[in-house]
Participant: 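Structure below; questions to follow.
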Amino acid sequence: MTRIRLHNTKTRTKEDFAPIDPANVRMYVCGPTVYDRAHLGNARPVIVFDVLFRLLRHAYGADHVTYVRNFTDVDDKINATAQARKDAGDPRTLEELIRERTDETIRWYHEDMGALGNLTPTHEPRATDYIGQMIAMIAGLIAGGHAYEKEGHVLFRVRSCKDYGALSGRSVDDMIAGARVEVAPFKEDPMDFVLWKPSPDDLPGWESPWGRGRPGWHIECSAMSHELLGDSFDIHGGGIDLQFPHHENEIAQSMCAHPEASFAKVWMHNEMLQVEGRKMSKSLGNFFTVRDLLDQGVPGEVIRFVFLSTHYSKPMDWTEEKAKQAEATLRKWRALVAGHTAAEVPARQLVDYLGDDLNTAGALAALHEIARSGDAGLLLSSAGLLGLLTPELGGWEAVAESEDYSDALSEVVSRWVSARAARDYVTADQIKARMHALGYEMKVTPDGVKVEIGHFALLEHLPRSRSDSAQVSPFEEGQPAMAAAQSSLVPKLRAILEVLK
RNA sequence: GGCGGGUUGGCGGAGAGGUUACGCAGCGGAUUGCAAAUCCGUGUAGACCGGUUCGAUUCCGGUACCCGCCUCCA
């Protein structure tokens, strides 16, 4: 049996993981609000919990793990986008436009997360499909004295939950002292939070015992996890920024609604993402989406590798340097496993690393050692547990070769070959150095001369926009960005030939 | 103000109270016209100050600095 230990935010200790029901291990992870493309930070919990999902499937069997990740499709920003389309003259109803916006965002999310090698969860519930369950849960909370109705709002009575604040290590009194809470006249206590609020006629709303309205943010996860996973389940995950108030409120709602149950046993939180040492934000100008990166030609597998190289409980810094190293490593590994089939099982050492609170950095070190030993089959089966070296994520590692695209390149190469043949090493080395400066590597192999240029080197030659960000398009053979980068290299190659004359 | 995370060799990044993390880069060697690739070898680093200990980078306390959350932003 695979031993799994996980750090539980609730107890602040690393605990042996023992599922409530080994025949059905259950995990809930907070998913995205579907108003726009997922940014790079959104990918972190997805990758972290995808690895946990894979590990649990390995340990308990693929058919014995249920993974739920929700889509929040009730949100002001979604409404705003839909309203903007309506204002622009779209004749459809607001409801239709909202549905269109959330549908397209979900489709993008699936594309982008799939490109990073993530499995699709067992269930991906949308909040709007569970309004009935939310209303029922809210009604139960009112009946139990844990919530109250005021001016069309239903509020959760924080004081009715004696453990409120236990997850995040806060007390209600301390938080009120901090006085950063919204003061609303209809609240009994400043910390009370909204379960249901009225909705104006021109915005989405649902009929309820408290009038037409919509649910508060937190109740959806309580209602959907209960519906799909039951009163008590094994793991609840999400970003550390959700620890308070979202998860604290989820616990309060669920525990008060189902006091006989234990809700989530283990709480796991991933730390946040940074970019080049700084918080990713629009104001700093370092904000980008997963799609931006993919379109610039950074392979999804490279992105995944970089994420896995830092333990989930630490802030992860995305840097271009890391991406380059990851690309080089993966290129090497992919060359090693090409044509081999995976071994039956992953390496024990790698499973042990993952079982130790998802030590993915340690797991990558194990892969390095397996690679050095030359055991391609074991490397494949082991990397597969991390979602790496899979067929779906492959293909990017193919390198462009001379005859593929440019006469100028072929000419430079033939000059190099003839200089070498003539033992004119001064000229040969000069050509090589100039080519190297452009990002090309020329190599003598048993099969003849090979010319290679990596994605990042090619990226350097992309036409730049005014913001100095690379223009986007997939970096594949025959794709516009590839062609643009290559054609911008041609004059530079001609310049080399010019010098040689 | 409250709560939480971090600080490891040139860079990235783990584990372990005392024995090589690992990767990249660097250096030395093999091979190569030179390279590339590959292979072999090579690095007493642990923010600062105390304490516990035979021994701490690893445990405890404090200081400094960085970061996150407390505002439906993962």
Participant: Tell me the interatomic distance from Glu320(A), atom CD, to G12(B), atom C1', rounded to whole angstroms.
Facilitator: 15 Å

Participant: Please state the P separation for the pair A14(B) and G23(B) - nearest whole angstrom.
Facilitator: 16 Å

Participant: Would His247(A) and Trp267(A) count as a close aromatic pair, with their ring centres under 6.0 Å?
Facilitator: yes

Participant: Without decimals, in angstroms, what is the distance between Arg12(A) CZ and G5(B) P?
Facilitator: 7 Å

Participant: Who passes side chain to side chain contact (heavy atoms under 4.5 Å, CB included) against Met255(A), sequence neighbours left out?
Facilitator: Ile251(A), Phe263(A)

Participant: Sort out the partner of G1(B) for me: Watson-Crick or G-U wobble, both distances under 3.5 Å, none otherwise.
Facilitator: C70(B)

Participant: Checking base pairs now: Watson-Crick or wobble, both atom distances under 3.5 Å. What partners A30(B)?
Facilitator: U38(B)

Participant: What integer distance in Å separates Met316(A):CE from G13(B):P?
Facilitator: 9 Å

Participant: Does Arg420(A) reach a base, just sugar-phosphate, or nothing at all? Heavy atoms under 4.0 Å.
Facilitator: base

Participant: Taking N or O atoms only and anything under 3.5 Å, show me the protein contacts with nucleotides 14-20 of chain B, one pair per line.
Facilitator:
{"unit_1": "A14(B)", "atom_1": "OP1", "unit_2": "His311(A)", "atom_2": "N", "d": "2.8"}
{"unit_1": "A14(B)", "atom_1": "OP2", "unit_2": "Lys314(A)", "atom_2": "NZ", "d": "3.4"}
{"unit_1": "A14(B)", "atom_1": "O2'", "unit_2": "Asn359(A)", "atom_2": "ND2", "d": "3.1"}

Participant: Mind checking who U20(B) pairs with, Watson-Crick or G-U wobble, both distances under 3.5 Å?
Facilitator: none

Participant: Within the 3.5 Å criterion, strictly below it, is a donor on Thr427(A) or Asp429(A) matched to an acceptor on the partner's side chain?
Facilitator: no

Participant: Write down the partner of A45(B) under the Watson-Crick or G-U wobble criteria, each distance required to be under 3.5 Å.
Facilitator: none

Participant: Run the numbers on Arg69(A) and Glu124(A) for salt bridge (charged side-chain N to carboxylate O under 4.0 Å, His left out), then give the verdict.
Facilitator: CA-CA 5 Å; Arg69(A) 187 181 62 211; Glu124(A) 297 185 286; 3.1 Å; yes

Participant: Where each residue is assigned the nucleotide of RNA chain B containing its nearest heavy atom, which of Pro245(A) and Gln274(A) is assigned the position nearer the 5′ end?
Facilitator: Gln274(A)

Participant: Just checking Gly41(A): base, sugar-phosphate only, or nothing, at a heavy-atom cut-off of under 4.0 Å?
Facilitator: base

Participant: Mapping Arg44(A) and Ser313(A) to their closest nucleotides on RNA chain B, which lands nearer the 5' end?
Facilitator: Ser313(A)

Participant: Which of these nucleotides, A74(B), C34(B), G13(B), is closest to any side-chain atom of Asp429(A)?
Facilitator: C34(B)

Participant: Would you indicate whether Arg37(A), at its atom CZ, is surrounded by more than 12 heavy atoms from other residues, nucleotides or ligands within a distance under 6.0 Å?
Facilitator: yes

Participant: Base, backbone or nothing for each nucleotide of nucleotides 22-29 of chain B, written B, S, -, heavy atoms under 4.0 angstrom, 5' to 3'?
Facilitator: SBS-----

Participant: Which residues pass the side chain to side chain contact (heavy atoms under 4.5 Å, CB included) test with Lys432(A), not counting sequence neighbours?
Facilitator: Trp416(A), Met442(A)

Participant: Is it the case that Thr72(A) and Glu220(A) place a side-chain donor and acceptor less than 3.5 Å from each other?
Facilitator: yes

Participant: Whole Å only: how far is the CG atom of Asp75(A) from the C1' atom of A74(B)?
Facilitator: 14 Å

Participant: Between His7(A) and His269(A), does the ring centre distance come in under 6.0 Å?
Facilitator: no

Participant: What distance, rounded to whole Å, do you find between the two P atoms, one in C69(B) and one in U63(B)?
Facilitator: 24 Å

Participant: In this structure, is the centre-to-centre distance between the rings of Phe71(A) and Tyr109(A) below 6.0 Å?
Facilitator: yes

Participant: Looking only at atom C1', what distance separates G51(B) and A56(B), rounded to whole Å?
Facilitator: 12 Å

Participant: For nucleotides C67(B) and G29(B), find the distance between their C1' atoms and express it as a whole number of Å.
Facilitator: 44 Å

Participant: Could you tell me how far G5(B) sits from G18(B) if I compare only their P atoms? Round to whole Å.
Facilitator: 24 Å

Participant: Who does G50(B) pair with, Watson-Crick or G-U, both distances under 3.5 Å?
Facilitator: C60(B)

Participant: Could you walk me through whether Trp396(A) and Glu301(A) satisfy the side-chain hydrogen bond (donor to acceptor under 3.5 Å, both in side chains) test, starting with their C-alpha distance in whole Å, then the side-chain angles of each, then the deciding distance to 0.1 Å, before giving a yes or no?
Facilitator: CA-CA 9 Å; Trp396(A) 61 269; Glu301(A) 187 170 41; 2.8 Å; yes

Participant: Grab the NE2-P distance between His247(A) and G4(B) for me, whole Å please.
Facilitator: 18 Å

Participant: Tell me which pairs pass side chain to side chain donor-acceptor pair (under 3.5 Å) where either residue lies in residues 372-385 of chain A, with sequence neighbours left out.
Facilitator: none

Participant: Return the value, rounded to whole Å, for the distance between atom CD of Gln243(A) and atom P of C3(B).
Facilitator: 13 Å

Participant: In a check of side chain to side chain donor-acceptor pair (under 3.5 Å) between Tyr312(A) and each of Asn270(A), Asp357(A), Asn359(A), which one passes?
Facilitator: Asp357(A)

Participant: If you take any heavy atom closer than 4.0 Å to RNA chain B, which residues from residues 106-118 of chain A end up in contact?
Facilitator: none

Participant: Can you tell me the distance, in whole Å, between the CD1 atom of Ile240(A) and the C1' atom of C69(B)?
Facilitator: 8 Å

Participant: Is the centre of the Trp333(A) ring less than 6.0 Å from the centre of the His368(A) ring?
Facilitator: yes

Participant: In whole angstrom, give the distance that lies between atom CZ of Arg331(A) and atom P of A37(B).
Facilitator: 12 Å

Participant: Evaluate the criterion salt bridge (charged side-chain N to carboxylate O under 4.0 Å, His left out) for residue pair Lys77(A) and Asp36(A); output intermediate values, then yes/no.
Facilitator: CA-CA 9 Å; Lys77(A) 288 186 287 292; Asp36(A) 205 351; over 6 Å; no

Participant: In whole angstrom, give me the gap between the C1' atoms of A47(B) and A64(B).
Facilitator: 8 Å

Participant: Could you tell me how far G68(B) sits from G61(B) if I compare only their P atoms? Round to whole Å.
Facilitator: 26 Å

